[in-house]
Each structure stands twice: as C-alpha cells, then as structure tokens.
Amino acid sequence: MEQKLKVGILGATGMVGQRFVSLLENHPWFEVVAVAASPRSAGKTYEEATGSRWKMKTPMPEAVKNLIVMNVNEVEEVASKVDFVFSAVDMTKEEIKKIEEAYAKTETPVVSNNSAHRWTPDVPMVVPEINPEHYEVIQYQKERLGTKRGFVAVKPNCSIQSYAPVLHAWKEFEPIEVVATTYQAISGAGKTFQDWPEMEGNIIPYIGGEEEKSEQEPLRLWGKIEDGVIKKATLPVITTQCIRVPIADGHTAAVFVKFKKKPTKEELIEKLVSYQGRPQELNLPSAPKQFIQYLEEDNRPQVKLDVDFENGMGISVGRLREDSVYDFKFVGLSHNTLRGAAGGAVLSAEMLKAMGYIMPKQA
C-alpha cells in the first residue's frame, strides 16, 4: 500500500483547523503528523490546547489528542516533519501572506483556507470541479519564490460555493448579469450559538468584506493564465448582498441570472445534474459523486434537509424558474465549513496530489 503523505495543520486549534483534523481522520492518502498554533498553545497536547473549545459534532480523533502543538512561527521546525501543510491561521492578512510564503520556501506546499493570497497573481485559487487548470500557474510562482516543490494554493470564499458552480455548469449559455443575496451561517464567522448567543433569532445585514469577495472571486475562477499570472474574467457582472442569519452551518443564495443565449428550464436542469468535473472523473476520495443536485419540490433546498448532501461536499439547487426582470432565478445551498472551507481545501490537496504537485519530500 502506498505510504500516506505527512500533513501539518497550521492554526489547528481554531474552528477550521478542527474541521481539518476531523476530515483527515482515516483519510486514505493523508495523515496528520503535526499540529501548529499560536505560541500560547505550543508545548501542550492538542487535547489540552483545544480543551472545551472543540466545536465539531464528532469526537476529537484519538490519533491527534496527544500530538504536541508546535509553534506555528517556527517554520523550519514544523516544515521538517511534513510533506505539505493546510493553513487555517488566524492572523492579519499581511502576516498570513508572509508565513504561508515562508513555509512554501522550505519546499513545503501550502494549501490555504485563508483569503490573504486569493488575489496574489501567481497563486491559484481553485474549486477543483471548476478550474483545476489554474494550478498550471504554480510553475511561475515557484520561479518567483525560488522553489522546486514549495508553493501556495488557495480555495475561494465560502459564500460563492452556493452559486458559482451553478453558473459554471451554465457557462455555454453565457451568463452576463447576476444578482445574488447570500444568507450565511454563523460558522462562517468561526462561531457557534454558544459563543454568539445574540445571533439567536437575529439577522445582521452586513458581513465585512464579503460582498466584494462574492462579486469578484467568481471572475477569478473563470479567468485565464496570461504571462504567468491569472487575469480575471470580465463577465458576468455580479452584484451581491451578504446577510448573516441564525443558522449553524450552510450558506443559502437567492440568485437572478441574465443570459446572452436563451436556454430553457429543462436545458438548465440537465446541465446541473449531468455536470462532472475532474474530481469526479478521477474519483478523488473527498469528491462528491453528484456535484450538483436539483430538487423539484417548491420548499427545497433547506438547510436542515440538504446541507449535508454528499457529506457536505455537494451543491443543492431548487426553485429554478423564469423571472419577469431577469431570465431565470434559483436558490442554491452549500455547506460553508465543508465544501466552502476545510473540505474544499482537502479536495484541492487531493487534486494537487493527483496532478503531481504534492508528493513525499523524500521522493
């Protein structure tokens, strides 16, 4: 049996770090051998450092409980123990950029859940079912960093997962204008109701920086590599509102679309349910068998019924109908901490391994 790749998790004690720990338990390709966090957690066992702050619904995996938490700032020390790292560090954007590139320069690939490098021109920001060809920009990034195998790759914002895959499946009809309102779960802010009780029965019509990300990041997914950098697409024009709602997990989007070519409802549904990306073709361990499902019932998708579709890695769509102002409208739903965060990053790492970008350091 092929030896598993040795994985480190940067920011392992936070909510997304915990999700990485949970998802990687018994992973067929990856094994967590190092957990790193802030200096105040360093030197403790993972169980001691996380303590009562364990936020997952499943128990802490036995294999990580007694791992000694390393200081995330001791880059060479952490990097020496692993083949690659997942990054979920809680720092300023500039600090994140600096530390992720520092790990890359130790010849350690970094698969990041953070937003800091999403607009670095030679860093690929990928949803594996949409734009895996963007990983080709890594060769130019390595030239800039002076590395042979070290690089940084990121995944996009959790809010766009509920509608960008849908628009991508409809690409041949050329969406030109999109209006989207997202209704976003509190786990997107790294919170539970226990530590954010004021969100119960409440809605907050503002999430800092989220609307710009939701409008611009899909255009980067659909961009092209030119002169060693990714140039974003210009269409469709997207405008959004992002609202925090009292839901634990699951981002819902209400979306209106105008097309250049005029599809029928039946054509749109067929494109959704038949859409397959590279992860499905390669049968990657975390890939959903069905990437997008369409639900015929008028009251679907619902968070309670549909957020865990395909282990939280699939997208649920419903209420597709013609619109009196735009061409069509629909409702999309995705799991923000699985498909939208740690799960999406794990799938990205699987894709990078399958494409030969991540391999054992001794190889």
Side-chain angles (χ1 to χ4, degrees), residues 118 124-137 153-180 182 213-225 230-240 251-265 267-282 284 286-295 301 309-310 313-318 320 326-336 338-340 343-345 347-348 351:
R118 286 185 194 150
M125 181 181 79
V126 170
V127 174
E129 285 90 351
I130 293 178
N131 61 325
E133 69 280 0
H134 279 195
Y135 287 134
E136 292 167 19
V137 83
V154 300
K155 49 152 288 302
N157 196 44
C158 53
S159 66
I160 74 171
Q161 312 284 339
S162 53
Y163 59 92
V166 178
L167 299 173
H168 187 74
W170 293 341
K171 212 172 175 189
E172 70 182 77
F173 303 117
E174 298 182 36
I176 53 174
E177 206 171 300
V178 176
V179 177
T182 58
K213 294 174 190 174
S214 301
E215 293 168 358
Q216 294 299 316
E217 288 187 15
L219 299 176
R220 193 165 197 259
L221 294 180
W222 297 316
K224 295 278 189 283
I225 299 174
I230 296 163
K231 301 280 180 70
K232 72 173 185 177
T234 55
L235 288 174
V237 176
I238 304 173
T239 183
T240 66
H251 288 356
T252 300
V255 186
F256 299 78
V257 190
K258 191 174 286 185
F259 295 98
K260 188 173 180 181
K261 298 173 182 173
K262 303 304 178 189
T264 65
K265 178 179 176 179
E267 286 175 321
L268 291 174
I269 292 173
E270 193 278 327
K271 291 295 178 190
L272 293 181
V273 299
S274 65
Y275 186 81
Q276 295 266 297
R278 286 291 301 284
Q280 286 71 39
E281 292 166 10
L282 294 169
L284 297 179
S286 300
K289 295 286 182 284
Q290 176 88 31
F291 181 36
I292 306 171
Q293 70 167 341
Y294 184 76
L295 300 159
F309 170 60
E310 290 280 17
M313 292 296 287
I315 313 299
S316 297
V317 179
L320 177 66
Y326 286 76
D327 292 324
F328 282 90
K329 53 193 170 188
F330 70 91
V331 175
L333 170 67
S334 63
H335 197 303
N336 56 295
L338 287 169
R339 167 56 72 167
L347 183 61
S348 294
M351 191 81 223

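Sequence positions, counted from 1, serve as the residue numbers for this chain.
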### Task
Taking the side chain as every heavy atom from C-beta outward, state whether Thr240 and Val179 have any atom pair closer than 4.5 Å.
no
### Task
Determine, stepwise, if the pair Leu347 / Leu284 fulfils side-chain contact (heavy atoms from CB on, under 4.5 Å).
CA-CA 7 Å; Leu347 183 61; Leu284 297 179; 4.0 Å; yes
### Query
Side chains of Val127 and Pro156: does their closest heavy-atom pair fall under 4.5 Å?
yes
### Query
How far does CD of Gln293 sit from CG of Leu272, to the nearest 0.5 angstrom?
11.0 Å
### Query
Which heavy atom of Tyr135 sits nearest a heavy atom of Ala153, and at what distance?
CE2-CB, 4.2 Å
### Task
Give, for atom CG of Asn131 and atom CZ of Arg220, the distance between the pair rounded to the nearest 0.5 Å.
9.0 Å
### Test log, rule side-chain contact (heavy atoms from CB on, under 4.5 Å), inputs Ile292 and Val317
CA-CA 7 Å; Ile292 306 171; Val317 179; 3.8 Å; yes
### Query
Taking all non-hydrogen atoms of both residues, which atom of Thr252 and which atom of Ser162 are closest, and how far apart?
C-OG, 4.4 Å
### Sub-4.5 Å side-chain heavy-atom contact between Glu215 and Val178
no
#### Entry: Worked check of ring-ring contact (aromatic ring centres under 6.0 Å, His included) between Phe309 and His335
CA-CA 9 Å; Phe309 170 60; His335 197 303; over 10 Å; no
### Message
Please report the interatomic distance CD(Glu129) to CE(Met313), rounded to the nearest 0.5 Å.
### Response
7.0 Å
### Task
Can you measure from SG (Cys158) to CD (Glu217) and round to the nearest 0.5 angstrom?
9.5 Å
### Query
Mind checking whether Phe328 and Trp170 have ring centres under 6.0 Å apart?
no
### Query
Can you find a heavy atom in the side chain of Ser316 that is under 4.5 Å from one in the side chain of Leu295?
yes
### Message
Testing the basics here: between Tyr326 and Val257, what is the closest heavy-atom pair and its distance to 0.1 Å?
### Response
CB-O, 3.6 Å
### Query
Are Lys224 and Glu133 ion-paired here, with the side-chain N under 4.0 Å from a carboxylate O?
no
### Query
Can you tell me if Asp327 uses its side chain to pair, donor with acceptor, with the backbone of Phe259 under 3.5 Å?
yes
### Message
Please determine whether a side-chain nitrogen of the Lys or Arg among Glu172 and Lys271 lies less than 4.0 Å from a carboxylate oxygen of the Asp or Glu.
### Response
yes
### Task
Please confirm whether Lys329 makes a cation-pi placement over Phe256, using NZ or CZ under 6.0 Å from the six-membered ring centre and within 45° of the ring normal.
no
### Task
Return the orientation label for the Tyr275 and His168 ring planes: parallel under 30°, perpendicular over 60°, tilted otherwise.
perpendicular
### Task
May I ask you to test the Ile315-Arg339 pair for a side-chain heavy-atom distance under 4.5 Å?
yes
### Message
Could you report the tightest heavy-atom contact between Lys155 and Ala345, atom names first, then the distance?
### Response
CD-N, 3.8 Å
### Query
Which heavy atom in Pro175 sits nearest to a heavy atom in Pro236, and how many Å separate them?
O-CB, 3.3 Å
### Query
Mind checking whether Arg278 and Pro128 have side chains closer than 4.5 Å, heavy atoms only?
no
### Message
Nearest 0.5 angstrom please: Gln216 CD to Ile238 CD1, how far?
### Response
8.0 Å
### Message
Donor-acceptor pair, distance only, cut-off 3.5 Å: does the side chain of Gln290 make one with the backbone of Gly314?
### Response
no
### Query
Checking Lys231 side chain against Ile225 main chain: does a donor-acceptor pair fall under 3.5 Å?
no
### Query
Are Pro288 and Gln280 close enough that some pair of their side-chain heavy atoms sits under 4.5 Å apart?
yes
### Query
Any donor and acceptor pair, going by atom type alone, linking the side chain of Glu267 with main-chain N or O of Thr264 inside 3.5 Å?
yes
### Ser159 versus Ser214, side-chain donor and acceptor atoms under 3.5 Å
yes
### Distance in Å, Leu282 CG paired with Gln276 CD, rounded so as to fall on 0.5 Å steps
11.0 Å
### Task
Output, in order, the C-alpha distance, side-chain angles, deciding distance and verdict of side-chain contact (heavy atoms from CB on, under 4.5 Å) for Ile176 and Val237.
CA-CA 6 Å; Ile176 53 174; Val237 176; over 6 Å; no
### side-chain contact (heavy atoms from CB on, under 4.5 Å) evaluation trace for Arg118 with Asn157
CA-CA 9 Å; Arg118 286 185 194 150; Asn157 196 44; 3.5 Å; yes
### Query
Between Tyr294 and Leu320, is there a donor-acceptor pair closer than 3.5 Å when you use the side chain of the first and the backbone of the second?
yes
### Summary
Heavy atoms of His134 and Pro124 approach each other most closely as O-CB, 3.5 Å
#### Entry: Check: Pro301 and Val331 side chains under 4.5 Å, non-hydrogen atoms
yes
